[in-house]
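Working notes, beginning with the structure itself.
The chains referred to below are lettered A, B, ... by the order of the sequence lines, with proteins before strands, and numbering in each begins at 1. From a predicted model like this one, the values you see are computed outputs, not experimental measurements.
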Amino acid sequence: MALLIIDRRQQGKQKSAVNRQRFLKRFRKHIKEAVSDAVSKRSITDMERGEEISIPKKDISEPIFHQGKGGKQRRVLPGNKEFIRGDRIDRPSGGGGGAGGKASSQGEGMDEFVFELNQQEFLDFMFEDLELPNLVRKQLKDSDSYKLVKGGYLREGIPARLNVLQSLRGAKARRIALSGAIRREIKALEKSLEEIGNDEESEERRDITVKLDRARRRLNQIPFLDDFDLRYNHMIQQPTPTTSAVMFCLMDVSGSMTQDIKDLAKRFFVLLHLFLKRHYEKTEVVFIRHHTKADEVDEEEFFYSRETGGTVVSTALDLMQRIVRERYPSDSWNIYAAQASDGENWADDSPKCRDLLVKSLLPLVQYFAYVEISSGRDQELWQTYSEIPTDFPDRFAMRKVSEPADIFPVFRDLFERRSS
Amino acid sequence: MSSQTPIAEGSDWTFEALEAFEREIGRIAADKYRLDTYTNQIEIISAEQMMDAYSSVGMPVGYHHWSFGKQFLSTEQRYRKGHIGLAYELVINSDPCIAYLMEENSLTLQALVIAHACYGHNSFFKGNYLFREWTDASAIVNYVLFARDYISECEERHGVDAVESLLDSCHALMSLGVDRFRRPRPVSPEEERKRQKDREDYLQQQVNDLWRTVPKKKHEPEEKWPRFPAEPQENLLYFIEKNAPLLEPWEREIVRIVRKIAVYYYPQRQTKVMNEGWATFWHYTLMNDLYDEGLIGEGNILEFLQSHTNVIHQPDYDSPYFSGINPYTLGFAMFTDIRRICENPTEEDRRFSPEIAGSDWLDTVHHAMANYKDESFILQHLSPKVIRDLKLFSIVDDDSDSAIRVTAIHDDDGYRRVREELADQHNISKQEPDIQVWEVSLRGDRSIRLRHKQRDRIPLDEDDAKEVMKHVHRLWQFDVHLESVRDEKVHRVFHCNDDKVWIDSGESSNPAKPS
C-alpha cells in the first residue's frame with residue numbers, strides 16, 4: 001500500500017474566501033448598519049480597524065423541518081444520581097423542558113451571530129459607493145504609474161515568459177516547411193522501389209535504398225524544437241493616465257469652537273482623509289486651518305495641534321485661492337474643498353466669504369462641501385451660504401451636523417456616488 | 001515489553017516519524033486485527049485550512065454558497081475566542097481515504113490521529129454495510145468536483161442570485177432527500193456527465209407529459225383521474241426533481257446534486273456512535289500495542305492517555321457542559337464491552353448476550369462494525385454494564401402530564417427499556433419529522449399536499465416550518481399545503497401561496513383520505 005503524505009500547508013488557506021464574500025454580500029444591509037454605528041462610536045484615532053459584527057440569528061438561520069416542543073418526548077440521559085423508576089421531576093423553569101432540545105443546531109441561547117469583519121472589509125463597507133463627484137481627466141500628468149500589457153511576442157526573453165503555444169506552433173511550421181522536400185523525395189523513392197518490385201540485387205534497387213536511407217536520415221535530423229522557434233511574451237509598460245486631484249480641508253479652530261465641536265470637525269476630516277488615501281492614492285491633500293488668520297499646515301498639525309483665536313473665515317478661502325493659483329492651476333487639476341466650521345464669523349466677513357466663493361472659488365472647483373457643526377438654529381455662515389446652491393447645484397453642497405452619530409451619514413451623503 | 005527503541009520521542013513530529021507510525025500502525029492493524037482499509041492519503045494542514053475544511057463539510061472541494069461562509073466565520077470566531085478547539089483530524093470517506101492532520105498536533109497526537117482516522121474510520125468506511133451500499137468512495141471526490149463545476153457554470157449562465165436562492169431551498173429540504181427504505185445507486189461522475197444532457201431533455205419531456213393540458217380523446221369523468229402520486233413519497237427532493245411543473249432543466253440538475261450529496265452523508269448521520277466508537281476503540285488498542293512493542297515511549301503514552309480520556313469524557317446530564325450523549329464515549333464503551341463479554345463473560349452477560357458471550361472477540365467486533373447502524377447496534381449490543389457505568393436513565397416529558405417522569409434506570413427492570421429508548425434516540429427516522437408527499441392536484445390548481453405524521457403527538461416547530469414552506473413553494477411554484485396529522489386527525493395545516501404563509505388548525509378541514 002503506497003502511503004501518500006502531502007504537505008498542504010503552503011497552499012492557499014483562502015478556500016473559503018468566495019463563500020465569505022457571498023456571506024458578506026447577502027447580509028450587507030446588516031453589516032453596513034453595524035459599520036456605520038461603529039464609525040460613529042469610535043475614537044478619532046481608531047478608524048482603521050476591523051469590527052465585530054453581530055447579526056440576529058433568526059435573520060441568518062437556515063430553517064429545516066424539525067420537531068418542536070410538546071407531545072410526548074422521551075429521552076435517555078447519562079449520570080443518574082438519585083432517581084429511581086417512577087420518580088417525578090418538575091419541569092425546569094425558563095421554558096423548554098429537557099426534551100426537544102435537538103432543535104437549535106448550534107446556538108446555546110445566543111440570539112446573535114457574531115463574527116469579525118477584518119480591516120479591509122470594514123473599510124470597503126465604510127466607503128462603498130462613495131466617490132469624488134465630477135472628477136474629470138484633465139491632464140496626463142508626469143505619469144508615474146504603469147501597467148504591464150501584452151505587446152506581442154519576442155524572439156528573446158526570460159524563461160518565465162516563454163510562450164509554449166507560439167513556440168510549438170512555430171516549431172511545427174518549421175518542421176513542415178523543412179521536411180516537405182525530403183518527404184516528397186522519400187515518397188517518390190518509395191514509389192519507384194515498389195515499381196521495381198522484388199528484384200533482389202539490382203543495381204537500381206541498391207541505389208534507391210541508399211538514397212532512401214540518406215533522405216530518412218536527413219528527415220530525422222530536423223530538430224523537434226530549435227532555439228529559433230522559441231517565442232517569448234512581450235510585456236510593454238504602458239503609462240496609465242492618472243487623474244490629478246487635490247483636496248482642500250478647511251477647518252475652523254477659533255475660540256468659539258468648543259472641544260466637542262472641534263472633535264466633530266476632526267472626525268469628518270479623518271473620514272475624508274481615510275477615504276482619499278484608500279480610493280484616490282494620488283490625490284494631494286492641503287490642510288488649512290484658520291482663526292483670524294489662516295495657515296497651511298501638515299497633517300500632523302491639522303489633526304493634533306491646539307490653537308485658538310477669533311474668527312475670520314474669509315482668510316481661509318483667501319489662502320486657498322492663493323494656493324490654487326500658485327500650485328494647482330484649475331485647467332490641469334481637479335480641485336475639491338471641504339470646509340468645517342461652527343458657522344460663527346466676524347460680523348462683516350460672511351458676505352465676503354460668499355462673494356469669494358461664488359466669484360473666485362466655485363468656478364475653479366469640482367466640488368465644495370460645507371459642513372456646519374451646530375445644534376441650534378442656523379448660524380451666520382449657513383444663512384449666507386444658503387443663497388449659493390441654486391447657482392451651483394452640483395458643485396456646492398452644505399450639511400449640518402450636531403452630534404457624532406451624524407458625521408458618518410453626512411459624510412456618506414456628501415460623497416454618495418451619483419448616477420447621472 | 002520489547003527492547004525496541006521508540007520511533008520518535010518528544011513532542012515535535014517529523015515527516016519521517018509520521019511515515020514510520022503509519023507503517024507500524026498499519027502493520028499491527030492488518031496483521032493482528034484484520035482491519036481492511038483503503039489506501040491512506042495523509043494531508044498536513046494548518047489551523048486556518050482546517051477551518052476551511054470544516055466549512056465545506058469535510059469535502060476537499062465544494063460548490064460556493066453563503067452558508068459555507070457563515071459556517072467558516074462562526075468557526076473562526078469561536079476558535080479565535082477560544083470557545084472551541086479544532087478537531088485533530090478530519091477524514092473523508094473516499095478512496096484513497098483522505099485524512100487531514102493539523103500541523104499543531106504533537107507527535108503523540110499525530111500517532112493517535114493516524115490510528116483513529118487512517119485505520120479506525122477508514123476501515124469503518126470500507127466495511128460498514130451502509131457505506132458500502134450508499135456511497136461509492138472511489139467516485140465521491142470527482143462527483144463533488146463535477147457538482148462544483150456545474151454549479152459555477154449555472155451561476156455564469158443564470159446569475160449568482162438565482163442559483164443561490166435555489167440552493168437555499170434545496171438545502172432546506174436536504175434531510176428529505178433520501179429514500180430511507182430503498183438503497184440508491186452510488187453516484188458516478190463519469191456517468192453523470194455523460195448522461196446529464198440526455199437526462200435534462202428526457203426529464204423535461206416527462207414533466208411535460210405529466211402536466212399535459214390537452215384533453216384526452218376519450219371523455220372520462222373527473223373522479224377517474226388516477227391519484228398522483230399513487231403511493232405517498234418520502235423523498236421530497238426526488239419528487240420535486242422529477243415532477244415540479246416549472247423548474248428549468250438546470251434547476252432540476254441542481255436539485256439532483258443536493259440530493260446526491262445528502263445521500264452521501266446519510267450513512268454518516270446514522271453511524272455516529274459506531275463510527276467514532278470504532279475509531280476510538282482502535283486508536284486505544286493500537287496505541288497500547290505500539291507501547292507494548294516499545295515503539296512509543298513512556299512520556300508519549302501518558303500524553304496519549306490524557307488526550308484519550310478527554311475525548312471520551314461524558315458530562316452528566318446536570319452539568320453545564322452537557323450537550324447530549326457523547327458518541328465517542330458511548331461507542332468506545334460499547335466496543336470495549338463487547339470485547340470484555342467475549343473474553344470474560346459474567347453470568348449476567350450470558351443472560352443478556354448469549355450469542356456473543358465467550359465467542360471470538362475480534363470476529364464479533366468485526367461483525368458488529370460491518371452489519372449494524374447506531375440504532376440496531378445499540379439495540380443489540382448495549383450491555384447492562386455500559387448502562388450502569390454511564391448511569392443511563394430514561395425520562396418521558398409528556399405535555400399532558402404535570403411533571404417529567406423517570407421511566408427506567410440502570411437496574412434489572414430498566415436495562416431493556418433504556419436500551420430500546422436509547423436506540424430510538426439514535427434512529428434518524430424517529431428523530432426527524434416524517435413528512436411525505438401526499439397528493440398533487442394534477443387537474444386542479446397544481447397544488448402539492450404534504451403530510452406530516454406526528455409521532456407521540458410531537459408537532460413541527462412552527463416558525464421554522466413556515467420558512468421551509470416558502471422554500472417548497474420556491475421549488476414547486478404553485479400552492480403548497482402541509483397537513484400535520486395527530487392520531488389520524490389533521491391537527492394543523494400549513495399553507496403557502498405566492499405571497500404568504502399561514503397555519504390553520506385542523507378542525508375545520510377534513511383529513512384528506514387517499515381515494
Side-chain angles (χ1 to χ4, degrees), chain A residues 1-9 11 13-16 18-27 52 58 60-81 83-91 97-103 106 108 113-116, chain B residues 15 18-19 22 39-46 48-49 52 55 64-70 72-74 77 103 171-172 175 314 316-317 325 390-399 403-406 408-409 413-414 418 421-422 425 433 435 456-462 464-465 467-468:
Chain A
M1 237 185 261
L3 167 74
L4 200 52
I5 298 187
I6 302 171
D7 190 351
R8 289 255 185 241
R9 287 171 295 179
Q11 294 179 10
K13 53 190 173 187
Q14 289 295 323
K15 246 192 203 169
S16 299
V18 179
N19 292 328
R20 189 186 173 108
Q21 287 313 315
R22 294 263 165 103
F23 178 84
L24 296 183
K25 183 171 155 246
R26 188 177 174 107
F27 298 101
E52 207 163 77
K58 70 171 176 39
I60 65 163
S61 72
E62 297 163 81
I64 55 166
F65 284 126
H66 61 88
Q67 301 190 339
K69 292 180 184 123
K72 189 172 168 188
Q73 314 234 11
R74 297 161 211 267
R75 223 171 159 204
V76 176
L77 298 167
N80 182 16
K81 294 178 188 71
F83 302 127
I84 55 163
R85 186 156 66 111
D87 274 357
R88 294 169 68 79
I89 313 164
D90 288 336
R91 290 204 172 81
K102 278 203 163 169
Q106 318 142 316
E108 266 136 25
F113 177 84
V114 180
F115 66 96
E116 187 89 16
Chain B
F15 282 98
L18 289 191
E19 252 170 67
E22 205 274 347
T39 307
N40 279 310
Q41 177 169 330
I42 293 176
E43 309 203 350
I44 306 293
I45 60 175
S46 64
E48 197 129 346
Q49 288 170 319
D52 278 334
S55 49
H64 297 309
H65 190 255
W66 68 270
S67 61
F68 304 138
K70 166 183 147 186
F72 180 83
L73 288 167
S74 139
Q77 180 78 359
E103 63 171 341
H171 287 177
S175 59
Q314 171 69 65
D316 288 347
Y317 75 97
I325 289 183
L390 291 172
K391 298 202 167 46
L392 298 176
F393 65 111
S394 65
I395 54 167
V396 167
D397 182 358
D398 188 333
D399 58 2
I404 297 171
R405 262 183 312 123
V406 177
I409 64 161
D413 295 333
V418 168
E421 296 203 345
L422 191 63
Q425 197 167 307
I435 293 174
D456 291 329
R457 293 183 285 105
I458 301 174
L460 286 175
D461 180 283
E462 296 194 347
D464 276 4
E467 291 303 309
V468 183

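Interatomic distance, CD1 of A:I6 versus CD1 of B:I44, reported as 10.0 Å (0.5 Å rounding). One distance of note links CG of A:D7 with CZ of B:F15; it measures 4.0 Å at 0.5 Å rounding. Note that the CZ atom of B:F68 and the CZ atom of A:R22 stand 10.5 Å from one another [nearest 0.5 Å]. One finds the NZ atom of A:K58 at 9.5 Å from the CD atom of B:E467 (value rounded to the nearest 0.5 Å). We find the CD-CG distance between B:Q41 and A:L4 to be 4.5 Å, quoted to the nearest 0.5 Å. A distance of 11.0 Å separates OG in B:S74 from CZ in A:F115, rounded to the nearest 0.5 Å.
For B:E421, the parts sitting under 4.5 Å from any heavy atom of chain A are the backbone and the side chain alike. At a 4.5 Å heavy-atom cutoff, A:Q21 makes no contact with chain B through either its backbone or its side chain. Of the two parts of B:E22, only the side chain, counted from C-beta on, holds a non-hydrogen atom closer than 4.5 Å to a non-hydrogen atom of chain A. In this structure, the portion of B:I435 lying under 4.5 Å from any heavy atom of chain A is its side chain and not its backbone. If you measure heavy-atom distances from B:E462 to chain A, you find no contacts under 4.5 Å at all. Both the backbone and the side chain of A:R88 come within contact range of chain B, with heavy atoms under 4.5 Å apart. Of the two parts of A:K25, only the side chain, counted from C-beta on, holds a non-hydrogen atom closer than 4.5 Å to a non-hydrogen atom of chain B. Proximity to chain A (any heavy atom under 4.5 Å) is restricted, for B:I325, to the side chain, taken from C-beta onward.
Looking only at side-chain heavy atoms (C-beta outward), A:F23 and B:F72 stay at 4.5 Å or farther from each other. Within the 4.5 Å cutoff, side-chain heavy atoms of B:I458 are placed close to those of A:Q73.
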If you apply the rule side chain to side chain contact (heavy atoms under 4.5 Å, CB included), what do you find for A:Q67 with B:L460, and how did you get there? CA-CA 5 Å; A:Q67 301 190 339; B:L460 286 175; 5.8 Å; no
Between A:K72 and B:D399, does the salt bridge (charged side-chain N to carboxylate O under 4.0 Å, His left out) criterion hold? Intermediate values first, please. CA-CA 6 Å; A:K72 189 172 168 188; B:D399 58 2; over 6 Å; no
Determine, stepwise, if the pair B:L392 / A:L77 fulfils side chain to side chain contact (heavy atoms under 4.5 Å, CB included). CA-CA 6 Å; B:L392 298 176; A:L77 298 167; over 6 Å; no
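Here A:E62 pairs with B:K70 in a salt bridge; the nearest charged N to carboxylate O distance falls below 4.0 Å. Salt bridge status for A:R85 with B:D413: present, with a side-chain N to carboxylate O gap under 4.0 Å. A salt bridge between B:D456 and A:R74 is present, with a side-chain N of the basic residue lying under 4.0 Å from a carboxylate O of the acidic one. The existence of a salt bridge linking B:D316 and A:K81 is confirmed by a sub-4.0 Å separation between a basic side-chain nitrogen and an acidic carboxylate oxygen.
Considering only heavy-atom pairs separated by less than 4.5 Å from chain B, the leading option among A:N80, A:I60, A:I89, A:I64 is A:N80. Between chain A and the residues B:L18, B:L73, B:I45, the most heavy-atom pairs under 4.5 angstrom are made by B:L73. Between chain A and the options B:E103, B:H64, B:R405, B:H171, heavy-atom pairs under 4.5 Å are most frequent for B:H64.
Contact between B:A172 and A:P63 at its shortest, heavy atoms only, is CB-O, 3.5 Å. The heavy-atom pair separating A:G71 from B:P459 by the smallest distance is N-CD, 4.4 Å. Of all heavy-atom pairs spanning A:R8 and B:Q49, the tightest one is O-NE2, 2.7 Å. Listed here is the closest heavy atom pair of A:D90 and B:A403: OD1-CB, 4.4 Å. The two residues A:V76 and B:S394 have their closest heavy-atom pair at CG2-CB, 3.9 Å.
Checking B:I409, B:V406, B:I404 one by one against A:D87, the side-chain contact (heavy atoms from CB on, under 4.5 Å) holds for a single residue, B:V406.
Inspection of the B:D464 and A:H66 side chains reveals an N or O donor paired with an N or O acceptor under 3.5 Å.
In this structure, A:N19 contributes its side chain and B:H65 its backbone to a donor-acceptor pair below 3.5 Å.
Using cut-offs of 30° and 60° for the angle between ring planes, the A:F83 and B:F393 rings count as tilted.
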